[in-house]
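Counting starts at 1 for both ligands and their atoms, in listed order. We use all heavy atoms of the structure for the numbers below, so side chains are in, but hydrogens, waters and symmetry mates are not.
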Amino acid sequence: MKPMRIHAPHEKTDGMKNFIFQNPTRLVFGKGQIEKLSELLPQDVKLMITLGSGSVTRNGVYDQVKESLRGRNFIEFWGIEPNPRVETLRKAIQTGKENRIDYLLAVGGGSVLDGTKLIAAGMATEEDAWDIVLKGVAEKQIPFASVMTVPATGSEMNGGAVITREETREKYSFGGDYPQFSILDPEVTYTLSEHQIACGLADAYTHVLEQYLTTTGQSRIMDRWAEGLLLSLIEIAPGIKANPRDYDLMADYMLAATLALNDFIRMGITQDWATHQIGHELTALHGTTHGHSLAIVMPATLRVLKEQKKAKLLQYGERVFGIAGGTDEEKADKAIEMTEAFYRSLGLTTRLSDEGIGEKTIHTIARRFNQRGVAFGENRNVTGDVAEEILKSAI
Ligand code: NZQ
Ligand code: ZN
């Protein structure tokens, strides 16, 4: 029997860092839980419900929300688009201020909730909403909660939000408060399209990789939790594809997406996030769905940063894909190939050329990174030039 690979102490590149953990969101999970809305919301709040463009009316979520809020006063703000735009959110902030709203309830996917996080910030200040995004942190927000209808972003249990400025085709994230509560009923996912499910699974999987695929030897606990989520996503994906109305599978998918980005798997460890930053540019410039952009960029990031990430790639390959034979080089390559194959198995393309994206966009993204003087990744070495290399590898 082959002995298990034990990482020698000299491989420990970067030990566990100090951290403070606090996730205040109350997670209310399961069938029929939208009816808890009224008891979860404080009494006597002036409520504004925020929504997308109508999926919730087609799948009965809106009716369930209305039923649960019977007898309460609230106003509604519709039209928060996928990749929520600051131009729309400014209008929502104005509506909220005019009506002296003091509590927001997002009913929809990550976009509606992210947009709502910015509305909550804009309502607590006189500052322009885009300035809050550019600062990267909301100092004050009015309270908000969610009924989440897409498993993907983890926004239902984290303090992040990603906002697009349509005028300049820019897309950036900012951090702030967490939702007071989020209701997750896996049955509401039954109406998601195959593409949305593929993108959601890819997003959740990539969130784990962004926090896990850096260096070895930081925390056994974080590693095992991350690997557990990756293995679960790989295990449930084919079943979900075959039957997206299987409650237990959709429940595991929904919970995995939440746990992938609610701070639990990043205690005291270094993180990457370069793939996300490059992916946001693809979405801003071409409208590529978020999860799909990651399926294109992540394998390329791993190819370009293979040496830097090699020890962790070997651990990932062995523990998640069961890669055993060959040299370290071959095993690392195999782990990257299997990652790309996983995204493809979801039904997503993984190359820029499949999407008609080429050199022009690559240069634009490299120039944008260079102009902003940014450098991403766990070693802060993904500059404009490295992003260019990554995107070229994704052609
Ligand atoms: O607008 P409606 O009519 O509601 O339709 C939506 C939208 O067209 C539809 N939809 C939502 N729930 C549905 C449904 N269709 C059928 N059945 C349902 N149950 O789905 C479409 C996409 O929704 P969206 O909210 O855009 O999807 P997702 O949840 O994937 O959110 C993506 C956004 O979140 C950001 C992304 O960048 C992107 O802007 N992210 C947010 C993060 C965070 N806050 O932590 C982290 C992520 O990395 C990500 O960047
Ligand atoms: Zn993401």
Side-chain angles (χ1 to χ4, degrees), residues 25 34 49-62 64 77-86 88-89 106-118 133 138 144 146-165 170-179 182 184-211 244-245 250 253-254 257-258 260-263 266 271-273 275-284 287-295 297-298:
T25 301
I34 296 175
I49 302 185
T50 49
L51 307 113
S53 68
S55 68
V56 293
T57 53
R58 290 187 294 275
N59 62 13
V61 171
Y62 178 68
Q64 290 180 59
F77 184 90
W78 288 84
I80 299 178
E81 49 283 281
N83 308 311
R85 300 176 183 171
V86 70
T88 304
L89 302 169
V107 180
S111 292
V112 171
L113 178 51
D114 281 11
T116 302
K117 289 175 177 177
L118 186 61
V133 176
F144 56 91
S146 82
V147 174
M148 176 49 81
T149 62
V150 185
T153 62
S155 188
E156 63 274 13
M157 203 174 182
N158 71 39
V162 194
I163 307 295
T164 296
R165 183 177 172 197
E170 289 170 285
K171 190 181 191 217
Y172 303 129
S173 59
F174 75 93
D177 289 342
Y178 291 57
S182 283
L184 269 61
D185 177 350
E187 286 189 320
V188 312
T189 64
Y190 292 170
T191 49
L192 288 168
S193 71
E194 236 180 276
H195 184 68
Q196 286 168 328
I197 291 174
C199 289
L201 287 165
D203 195 18
Y205 194 86
T206 312
H207 290 161
V208 180
L209 292 187
E210 297 272 29
Q211 298 160 95
R245 283 174 167 261
M250 291 314 253
Y253 164 28
M254 209 169 198
T258 303
L261 195 51
N262 70 349
D263 308 339
R266 63 176 167 206
Q271 299 168 55
D272 183 340
W273 298 106
T275 292
H276 265 71
Q277 297 296 340
I278 300 170
H280 289 338
E281 296 293 329
L282 291 176
T283 304
T288 316
T289 307
H290 173 65
H292 188 189
S293 76
L294 307 173
V297 180
M298 179 53 92

Considering non-hydrogen atoms only, spot the tightest contact between [X] and [Y] and give its length.
X    : Y    : result
G291 : A202 : O-CB, 3.7 Å
N83  : K171 : OD1-NZ, 3.4 Å
P244 : I197 : CB-CD1, 3.8 Å
I163 : D114 : CD1-O, 3.7 Å
L192 : P151 : CD1-CD, 3.7 Å
T289 : C199 : CG2-SG, 3.6 Å

- Quick one: does R266's side chain get under 4.5 Å of L261's, heavy atoms only? yes

- Does any non-hydrogen side-chain atom of Y253 lie less than 4.5 Å from one of T189? no

- Take the angle between the ring planes of H207 and W273 and call it parallel below 30°, perpendicular above 60°, tilted in between. tilted

Just which atoms of ligand 1 are under 4.0 Å from any heavy atom in [X]?
X    : value
D203 : 47 (C), 48 (O)
N59  : 17 (N), 18 (C), 19 (N)
A152 : 30 (O)
H207 : 47 (C), 48 (O)
G54  : 3 (O)
V162 : 37 (O), 40 (N), 41 (C), 50 (O)
H280 : 37 (O), 50 (O)
T191 : 16 (C), 17 (N), 18 (C), 19 (N)

- Query: Is E194 atom CD crowded by more than 12 heavy atoms from other residues, nucleotides or ligands, each under 6.0 Å away?
  - Reply: no

- Task: Start with the C-alpha distance between F144 and D177, add both sets of side-chain angles, then the distance that settles side-chain contact (heavy atoms from CB on, under 4.5 Å), and finish with yes or no.
- Result: CA-CA 9 Å; F144 56 91; D177 289 342; 4.0 Å; yes

For [X], state whether at least one heavy atom is located under 4.0 Å from any atom of ligand 1.
X    : value
N158 : yes
G154 : no
M148 : no
E81  : no

- Metal site the Zn ion (ligand 2), protein N/O/S atoms found under 2.8 Å: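 The number of such protein atoms is 4.
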
Starting from [atom], what is the nearest protein heavy atom, named by residue and atom, and what distance separates them?
atom                    : answer
atom 38 (C) of ligand 1 : N83 OD1, 3.4 Å
atom 21 (C) of ligand 1 : Q196 NE2, 3.1 Å
atom 26 (O) of ligand 1 : S111 OG, 2.5 Å
atom 6 (C) of ligand 1  : S55 OG, 4.1 Å
atom 42 (C) of ligand 1 : T153 CB, 3.7 Å
atom 7 (C) of ligand 1  : P82 CG, 3.8 Å
atom 37 (O) of ligand 1 : K171 NZ, 2.5 Å
atom 29 (O) of ligand 1 : G110 N, 2.7 Å

Check whether any side-chain N or O of [X] sits under 3.5 Å from a backbone N or O of [Y] as a donor-acceptor pair, and report yes or no.
X    : Y    : result
K117 : A138 : no
E156 : L184 : no
T149 : G108 : yes

- Task: Please say whether V112 places an N or O atom under 3.5 Å from an N or O atom belonging to ligand 1.
- Result: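 No.
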
- Query: Counting both backbone and side chain atoms, is some N or O of R58 under 3.5 Å from an N or O of ligand 1?
  - Reply: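 For ligand 1, there is no N or O atom that lies under 3.5 Å from one belonging to R58.
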
- Message: Among N262, T25, D263, which residue satisfies the side-chain hydrogen bond (donor to acceptor under 3.5 Å, both in side chains) criterion with Y178?
- Response: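 Filter result, single survivor: D263.
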
- Roughly how far, to the nearest 0.5 Å, is the CE atom of M148 from the CG atom of L113?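 Taking CG in L113 and CE in M148, the distance rounds to 4.5 Å.
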
- Query: Roughly how far, to the nearest 0.5 Å, is CG of L209 from CG of D272?
  - Reply: 9.5 Å

- Between D114 and ligand 1, which part of the residue brings a heavy atom under 4.0 Å of the ligand: side chain, backbone, both or neither?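 Only the side chain of D114 comes within reach of ligand 1.
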
